[in-house]
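Remarks on the structure that follows.
Computed from heavy atoms alone, side chains included, the values below leave out hydrogens, waters and symmetry copies. Remember, predicted model here, so these are calculated numbers, not experimental data.
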Amino acid sequence: MNIITDVTTTAATIRDVSTLPATHAHLEERNLLPAEHLVDGGYTSVAMRDSTARDYQIDLVGPVKEKTTRKSRKGNVFDRDAFTIDWDRQEVVCPQGTVTRQWSTPPSITPYTRVFFNKVDCIPCPVRTDCTRSQQRPPTLSCGLWP
């Protein structure tokens with residue numbers, strides 16, 4: 001059963017996500033914190049999920065925000081779907097066939113994996129600008145997805 005225990009209204013110019021900490025604090029004062037809080041897309045940033053879990057032990061549940069890349073702003077670039085992720089072997093293959101040199105899963109409340117490509121492979125790559133804007137660094141991918 002879902003019960004509405006708090007309603008907050010704000011001016012239209014206030015971002016929804018900025019009201020959430022105060023709402024949780026108010027619920028905590030009244031001993032009404034939920035284990036799971038169902039929210040819309042205005043509240044589902046990784047940072048908000050992290051702070052809500054850490055500060056109030058609440059699982060923030062809502063739609064995952066749409067992927068954004070430079071593709072929508074500038075020409076043809078690779079998004080994360082262009083890379084092949086092999087979770088068992090802990091490696092990622094780029095669209096040109098280069099395999100990552102490092103796979104890391106840093107300690108975090110919000111699980112994610114970070115992979116790094118080798119500079120020697122990426123700097124001379126003919127499609128490097130479709131992966132990264134950097135002239136000096138190879139691309140890295142951070143992925144909050146799990147198999």
* Asked: Do you know the tightest heavy-atom contact between Leu20 and His37?
  -> CD1-CE1, 3.7 Å
* Would you kindly confirm whether Phe116 and Val93 end up in one hydrophobic cluster when ILVMFWY residues are joined by side chain heavy atoms under 4.5 Å apart? => no
* Asked: Would you find a donor on one side and an acceptor on the other, under 3.5 Å apart, between the side chain of Thr100 and the backbone of Val92?
  -> yes
* With hydrophobic residues grouped by side-chain heavy-atom distances under 4.5 Å, do Val115 and Val127 end up in a single group? -> yes
* Would you name the heavy atoms of Pro34 and Leu27 that are closest together and state the gap between them? => CD-CD1, 4.2 Å
* Asked: What's the spacing between Leu33 CG and His24 NE2 if we round to 0.5 Å?
  -> 7.0 Å
* Considering residues, nucleotides and ligands other than Arg89, do more than 12 of their heavy atoms fall under 6.0 Å from its CZ? -> no
* From CD (Gln57) to CD (Glu28), nearest 0.5 Å -> 8.5 Å
* To do: Treat each ILVMFWY residue as a node, draw an edge where side-chain heavy atoms are under 4.5 Å apart, and state whether Met48 and Val39 are in one component.
  => yes
* Asked: Are Leu38 and Ile58 connected, step by step, through hydrophobic side chains (Ile, Leu, Val, Met, Phe, Trp, Tyr) whose heavy atoms are closer than 4.5 Å?
  -> no
* Calculate, to the nearest 0.5 Å, the distance between atoms OH and OG belonging to Tyr56 and Ser51 respectively. => 8.5 Å
* Who passes side chain to side chain contact (heavy atoms under 4.5 Å, CB included) against Ala11, sequence neighbours left out? -> Thr13, Ile14
* Nearest heavy-atom neighbours spanning Asp88 and Asp86 -> N-OD1, 3.1 Å
* Heavy-atom pair with the smallest gap, counting every atom of Lys119 and Pro124 -> O-CD, 4.1 Å
* Do you know which two heavy atoms are closest between Gln96 and Cys125, and how far apart they sit? -> CG-SG, 3.8 Å
* Could you pull out the closest heavy-atom pair between Ala82 and Pro95, with the gap in Å? => O-CG, 3.4 Å
* Structure fact -> Distance col, row Thr98:OG1 vs Glu91:CD, nearest 0.5 angstrom, shows 11.5 Å
* **Interatomic spacing from CH2 in Trp103 to CH2 in Trp87 - rounded to 0.5 Å** => 4.5 Å
